[in-house]
2 protein chains.
Amino acid sequence: MEEKSGRPGPKRSLSAGRIVDVALELFDGEVPSIRGVAARLGVRPNTLYTYLPDRAALERALVDRLLAEADPDLLLGRRSWRRRVEDYACALRGVLLRRRGAAALLHSAPMDGPNALLVGERLLALFITAGLPPTEASRATYAVIVQVLGAATLTAADQDGRSEEEVVAARQSLEIPAEHFPLTAQTWPTAATWNTEHQFRWSLRALLDGLVR
Amino acid sequence: MEEKSGRPGPKRSLSAGRIVDVALELFDGEVPSIRGVAARLGVRPNTLYTYLPDRAALERALVDRLLAEADPDLLLGRRSWRRRVEDYACALRGVLLRRRGAAALLHSAPMDGPNALLVGERLLALFITAGLPPTEASRATYAVIVQVLGAATLTAADQDGRSEEEVVAARQSLEIPAEHFPLTAQTWPTAATWNTEHQFRWSLRALLDGLVR
DNA sequence: CCGATCTCTGTACGGCGTGCAATATTGCAC
DNA sequence: GTGCAATATTGCACGCCGTACAGAGATCGG
């Protein structure tokens, strides 16, 4: 019934989707190795090459999956457009921080998967709602993507598995040579919170202010 | 005369600095391998471990070198503070794009080297000049860093060695399914220019507007 | 001159991505 | 049913990678 085409050869024991599934499951800070994924699937490494051209394809597929873990429907609804952008951005940030290293991955490949397009479309709609002409709305969309991914990547690198409180405490106790960097030393209590969700929201709000000024 | 301490053992044939030198020279999209650097130095790979604890240390050292390639003095002078931020940001972007992959590298390690601190201090001073209270100036500094590194990283990933014109042309000829993403399709000519310096400056200006609103 | 100390090398281990030929399995045409 | 062509999976191999470890040679203070 649901047998696909009448092509000869043995049945496939896997699928690209299943491979990405377990790669995602194994994902922890880094994209798992081909051999690691194969081992978890109880299969020789080369078997994966039946389903994927190379490791880069696995990475690309992972990017799209990860993007889908933040619910794009947060960009819909009847809340204010700013609220929706903020909520979605925070959700995405959360996903990228929980999956350590995911941010760097997202950042390393051009995002042209279907999920990326969907998010772009909805951001675009939001900015047009906010009164921007289409051209500026497009630019604003990219600016927001940059800010969200950039912040998530830096925070993920700095965090490295620790909780937000631990990271702040660790930074707070850093010694800044006040004779060379007086302003930095003076404002260091704030700089210690650079990688918090609070700072994330603050930056995002500032950017949105500037975009619709 | 300049002989260091009277410590036994043969003279060192290298130095950490020299290693970073040739690593930078060999850098092209990715941090060169330990073995590659050693080969270029005419030495066995393990020799490098006399000067560096591990490969991560090489990466960290490279980050600081790369950061220094954009002249921090661009943040000084008597031009308007906005102009200085913009000029420095563009210079840094240029460095990160010329050295493909450098952006991702900068982004993957917490930046706490001396060069990073210097840049931070000067940005801080600029925002205080602009009238922000110290706490907000600190936050603004980070927001700018995020935007610059984020944009450079995404652009570097998308560019992959091609010129700006080639990238724009390639994106322009992409087919966007208008029935699913009407707004995206409509504004695609703009989206094709997302990774240009022009868009970079536009986003940065918007962010600065929002920061000092 | 001795012994301590340090640099550099030889060798090796375990991991990686992946190319290639062989093997086993299947569906289709006859 | 039988043979054929297409296919999935494997075994093996290659050339990379980072780096641990022990030993050889150089260079110093005493």
Side-chain angles (χ1 to χ4, degrees), chain A residues 1-63 100-101 104-105 108-109 160, chain B residues 1-63 100-101 104-105 108-109 160:
Chain A
M1 284 299 115
E2 67 171 343
E3 205 60 284
K4 212 40 186 300
S5 70
R7 55 155 179 50
K11 312 273 166 142
R12 309 191 132 196
S13 62
L14 300 172
S15 70
R18 173 115 184 76
I19 294 174
V20 178
D21 283 344
V22 339
L24 194 55
E25 188 182 318
L26 256 38
F27 189 106
D28 177 41
E30 299 197 342
V31 180
S33 68
I34 292 282
R35 298 172 106 105
V37 174
R40 169 62 77 101
L41 285 164
V43 109
R44 291 316 133 221
N46 337 356
T47 301
L48 302 199
Y49 288 86
T50 304
Y51 305 92
L52 302 170
D54 54 20
R55 182 189 160 81
L58 176 60
E59 292 180 3
R60 257 177 283 123
L62 272 174
V63 164
R100 300 159 19 195
L105 189 60
S108 71
D160 197 34
Chain B
M1 284 303 113
E2 66 171 343
E3 204 60 283
K4 209 44 185 300
S5 68
R7 54 153 181 53
K11 311 271 165 142
R12 309 193 132 194
S13 64
L14 301 172
S15 70
R18 174 114 184 76
I19 294 173
V20 178
D21 284 343
V22 340
L24 193 55
E25 188 182 318
L26 256 39
F27 190 105
D28 177 45
E30 299 198 340
V31 180
S33 69
I34 292 284
R35 298 173 105 104
V37 175
R40 169 62 77 101
L41 285 163
V43 109
R44 293 310 138 221
N46 344 4
T47 302
L48 302 199
Y49 287 87
T50 304
Y51 306 92
L52 301 171
D54 54 21
R55 183 189 159 82
L58 176 61
E59 292 180 4
R60 257 177 283 122
L62 273 174
V63 163
R100 299 160 18 194
L105 190 60
S108 71
D160 198 34

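Chain letters run A, B, ... following the sequence lines, proteins first, then strands; residues in each count from 1.
- With rounding to whole Å, B:Leu48 atom CG is found 12 Å from D:dC17 atom P.
- The side-chain heavy atoms of A:Val22 and A:Arg18, taken from C-beta on, include a pair separated by under 4.5 Å.
- Comparing atom distances between the B:Ile34 side chain and each of C:dT18, D:dT19, D:dA8 picks out D:dT19 as nearest.
- Residue B:Thr47 places its side chain closer to C:dT9 than to any other of C:dT5, C:dT9, C:dT18.
- The distance from atom CZ of B:Arg35 to atom C1' of C:dC8 is 16 Å, rounded to the nearest whole Å.
- Judged by Watson-Crick or G-U wobble contacts below 3.5 Å, the nucleotide C:dC30 has D:dG1 as its partner.
- Taking atom CG of residue A:Asp54 and atom P of nucleotide D:dC16, one finds them 19 Å apart after rounding to whole Å.
- Here the side chains of A:Thr47 and A:Leu41 are not in contact, with every heavy-atom distance at 4.5 Å or above.
- Remark on DNA chain C: of its neighbouring residues A:Asn46 and A:Ser33, the 5'-side contact belongs to A:Ser33, judged by nearest-heavy-atom nucleotide.
- Spacing between atom CG of B:Leu58 and atom P of D:dC17 amounts to 13 Å, rounded to whole angstrom units.
- Comparing A:Leu14 and B:Ala56 along DNA chain D, the residue whose closest nucleotide (by nearest heavy atom) sits nearer the 5' end is A:Leu14.
- Rounded to a whole Å, the NZ atom of A:Lys11 is 15 Å from the C1' atom of C:dA24.
- The side chain of A:Tyr49 sits closest to C:dT18 out of C:dC8, C:dC6, C:dT18.
- The side chain of B:Arg44 lies closest to C:dG10, out of C:dG10, D:dT10, D:dA8.
- Taking atom CZ of residue A:Arg55 and atom P of nucleotide C:dG15, one finds them 16 Å apart after rounding to whole Å.
- Between the side chain of A:Tyr51 and the backbone N or O of A:Ile19 there is no donor-acceptor pair closer than 3.5 Å.
- As a whole-Å value, the separation of B:Arg12 CZ from C:dT5 C1' is 12 Å.
- Nearer to the 5' terminus of DNA chain D, by closest-nucleotide assignment, is the contact made by B:Pro45 (compared with the other of B:Gly9 and B:Pro45).
- B:Asp21 places no side-chain N or O within 3.5 Å of a backbone atom of B:Leu24 that could act as its donor or acceptor partner.
- Atom C1' of nucleotide D:dC17 and atom CG of B:Leu26 are separated by 15 Å, given to the nearest angstrom.
- Comparing atom distances between the B:Pro10 side chain and each of D:dT27, C:dT18, D:dT9 picks out D:dT27 as nearest.
- You'll find the side chain of A:Leu48 reaches within 4.5 Å of the side chain of A:Leu14, heavy atoms only.
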